[in-house]
Amino acid sequence: MSDLLRLATAGSVDDGKSTLVGRLLYDTKSVLADTLDAVHRASADRGLATPDLSLLVDGLRSEREQGITIDVAYRYFATPKRSFVLADTPGHVQYTRNTVTGASTAQLAVLLVDARKGVIEQTRRHAAVLALLGVPRLVLAVNKIDLVDYDEVTFSRIAKEFTAHATALGYTEDAVIEIPVSALAGDNVVEKSANTPWYSGPTLLEHLETVPVEPDPHDAPFRFPVQYVIRPRTAEHLDYRGYAGLVAAGTVKPGDEIVVLPSGRRSTVTKIDTADGELAEAAAGQSVTLLLADDIDISRGDLISVAGNEPKVTDELDATLCWLAEKPLRAGARVLVKHGTRTVQAMVTELRDRFDEQTLSSVDSPASLELNEIGRVALRLAEEVPLDDYSFSRRTGSFLVIDASDGSTLAAGLVGAPLPLLENGVESCTGGSATTPDNHALVSPGP
């Protein structure tokens with residue numbers, strides 16, 4: 001079991017995400033005394049008898065004034081059993097792109113719903129995005145259970161509906177759990193609640209502390225995007241030539257045969273350096289400098305891979321995009337693609353599908369992709385780039401689409417990443433069957 005869990009929260013506006021995160025921080029005693037004092041004062045100024053725990057998370061002035069989360073807030077806390085990195089993401093549909101950012105590295109997502117409203121459009125949208133991003137585990141926190149008098153029937157109905165939707169997205173039943181909570185009152189967040197005697201499962205914190213988490217796979221093929229070439233040219237290091245970067249996947253040790261892409265030149269690792277000394281082996285997530293047996297031409301943007309199991313090198317990219325810009329995307333657009341440490345010019349040659357996350361169906365050949373829409377596109381790259389499929393590696397299978405004119409981020413991209421679609425649509429929350437004539441066969445997103 002990993003001693004670190006990366007998680008994200010998601011949900012609709014006013015579902016209580018910030019209050020829930022604040023409750024976790026408060027009840028695990030992860031809040032500094034001066035911060036807590038400031039929250040008490042701010043709450044008293046509002047005429048509240050108890051502290052507004054959402055203020056522990058909503059740090060922007062505009063967030064506090066509007067009572068909504070706008071930015072992705074990263075929080076760090078720990079218990080004796082595990083450490084946590086939590087991304088609290090916005091709930092408003094306008095900020096779905098921020099949810100993509102927060103969930104892109106998550107190993108688990110806590111998706112909130114209001115017990116009075118149940119599963120709504122934004123719930124289904126977030127679940128689809130989380131499935132597409134390959135987040136392996138989901139927790140449905142049915143919040144504000146106190147406002148429905150802790151009713152078991154209400155909870156069971158919501159849980160059943162969400163499980164059906166998550167299963168349609170490709171999740172297995174053991175990857176999803178539903179928990180009745182009240183972030184405001186603290187029911188089943190950290191402590192078991194006497195108000196829900198019908199619930200026999202874990203509290204939210206108990207689940208977060210004990211859920212199996214797959215660590216970065218060390219048996220994955222080695223991938224190392226070169227960030228910087230180190231040439232000291234000093235008397236002490238006259239012939240030193242090292243290649244610095246972050247190990248994106250797998251492991252490497254001296255003696256391993258490698259291939260440099262896109263050139264295809266081969267060599268052998270002779271040494272692994274770090275600021276703290278030499279290593280016998282480096283694994284995913286470690287920043288190191290590699291030394292090779294041969295003096296070959298390598299520069300920033302190249303990828304060092306294990307020989308014999310390297311990614312494909314291509315200038316044609318079939319990918320899934322979550323469009324993040326106000327300006328719509330249309331075929332023929334010229335953009336920049338940033339993959340790892342390499343940035344290349346590209347052109348969008350085709351918009352193939354637009355995903356409807358409500359019905360789990362798609363529309364072929366859309367005219368455009370609008371803000372927050374997800375679709376499958378084809379891009380032609382100006383240079384050949386080594387690419388892994390996103391289902392194979394989240395780190396080396398993802399990229400950014402950038403506006404060449406001003407450097408702004410236009411889209412988050414996933415290499416391949418088939419959309420989770422149903423052959424005949426999916427039953428909507430209001431009852432009827434929602435289908436389109438262009439639906440595709442069911443494809444599992446990877447959880």
Side-chain angles (χ1 to χ4, degrees), residues 1-6 83 85 104-105 107 134 212-314 338-344 383-399 415:
M1 178 179 293
S2 172
D3 60 358
L4 174 67
L5 176 65
R6 296 188 296 269
S83 298
V85 179
S104 61
T105 59
Q107 298 158 303
V213 175
E214 293 295 328
D216 290 326
H218 287 188
D219 58 349
F222 174 64
R223 301 288 189 264
F224 184 80
V226 176
Q227 185 171 4
Y228 187 69
V229 180
I230 299 178
R231 292 293 308 276
R233 301 181 186 276
T234 63
E236 184 180 359
H237 301 287
L238 186 61
D239 298 317
Y240 189 99
R241 182 193 294 267
Y243 308 100
L246 178 74
V247 180
T251 60
V252 64
K253 58 183 183 298
D256 286 352
E257 185 182 358
I258 58 91
V259 59
V260 180
L261 299 172
S263 70
R265 295 179 179 177
R266 293 173 179 258
S267 186
T268 303
V269 177
T270 59
K271 187 180 179 183
I272 304 173
D273 275 346
T274 72
D276 298 320
E278 189 174 343
L279 294 180
E281 184 179 74
Q286 289 183 284
S287 294
V288 299
T289 300
L290 301 183
L291 281 73
L292 305 181
D294 302 285
D295 187 7
I296 57 181
D297 183 16
I298 302 176
S299 59
R300 173 182 170 85
D302 288 342
L303 180 78
I304 299 177
S305 165
V306 61
N309 198 353
E310 57 263 28
K312 64 180 179 181
V313 178
T314 180
K338 186 180 189 306
H339 176 262
T341 56
R342 190 181 191 89
T343 302
V344 301
E383 306 169 24
E384 289 193 327
V385 175
L387 298 170
D388 282 311
D389 195 276
Y390 186 79
S391 63
F392 175 81
S393 171
R394 290 173 74 183
R395 289 187 175 177
T396 57
S398 57
F399 62 95
V415 180

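For reference, positions follow the sequence shown, starting with 1. Just the heavy atoms: all of them, side chains too, but no hydrogens, waters or symmetry mates, feed the values below. Predicted, not measured: the structure shown is a model, and the values here were computed from it.
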### Message
Do S305 and P386 make a side-chain contact, defined as non-hydrogen atoms from C-beta onward lying under 4.5 Å apart?
### Response
no

So CG of D256 and CD of E281: to nearest 0.5 Å the spacing works out to 8.0 Å

**Item:** Basic-acidic side-chain contact under 4.0 Å: E310, R223
**Value:** no

Side chain to side chain donor-acceptor pair (under 3.5 Å) filter on T396, not counting sequence neighbours, yields D388, S393

Could you check if a side-chain atom of I304 sits within less than 4.5 angstrom of a side-chain atom of V226, using non-hydrogen atoms only?
yes

Rounded to the nearest 0.5 angstrom, the CZ-OG1 distance for R395 and T105 is 8.5 Å

Go through V259 and R265 one step at a time and tell me if the side-chain contact (heavy atoms from CB on, under 4.5 Å) criterion holds.
CA-CA 6 Å; V259 59; R265 295 179 179 177; over 6 Å; no

Hits for side chain to side chain donor-acceptor pair (under 3.5 Å) against Q227, two or more places apart or cross-chain, chain-then-number order -> none

With side-chain contact (heavy atoms from CB on, under 4.5 Å) as the criterion, how do T270 and L292 come out once you've worked through the C-alpha distance, each side chain's angles and the decisive distance to 0.1 Å? CA-CA 5 Å; T270 59; L292 305 181; 5.6 Å; no

Exercise. Check whether any side-chain heavy atom of Y243 lies under 4.5 Å from a side-chain heavy atom of V260, and answer yes or no.
Key: no

| said: Would you say that V288 contacts V247 through its side chain, given a criterion of any heavy-atom pair below 4.5 Å between the two side chains? | reply: yes

Taken to the nearest 0.5 Å, the spacing of R342 CZ from L261 CG works out to 10.0 Å

* Asked: Do F224 and V252 pass the side-chain contact (heavy atoms from CB on, under 4.5 Å) test, and can you show the C-alpha distance, the side-chain angles, and the key distance before you say yes or no?
  -> CA-CA 9 Å; F224 184 80; V252 64; over 6 Å; no

So CG of L303 and CD1 of I258: to nearest 0.5 Å the spacing works out to 10.0 Å

Sequence neighbours excluded, the answer for side chain to side chain contact (heavy atoms under 4.5 Å, CB included) partners of S299 is D302

The side chain to side chain donor-acceptor pair (under 3.5 Å) partners of Y240 (sequence neighbours excluded) come to D273

Do D276 and T274 have side-chain N/O donor and acceptor atoms under 3.5 Å apart? no

Checklist entry - Do I272 and P254 touch side chain to side chain, with heavy atoms closer than 4.5 Å? => result yes

dist L4:CG -> Q107:CD (nearest 0.5 Å) comes out at 6.5 Å

Those residues at least two apart in sequence (or on a different chain) that pass side chain to side chain donor-acceptor pair (under 3.5 Å) with D294 are S267

One should read off an interatomic distance between I296 CD1 and R241 CZ, to the nearest 0.5 angstrom, of 9.5 Å

Here the side-chain hydrogen bond (donor to acceptor under 3.5 Å, both in side chains) pairs for residues 283-292, sequence neighbours left out, are none

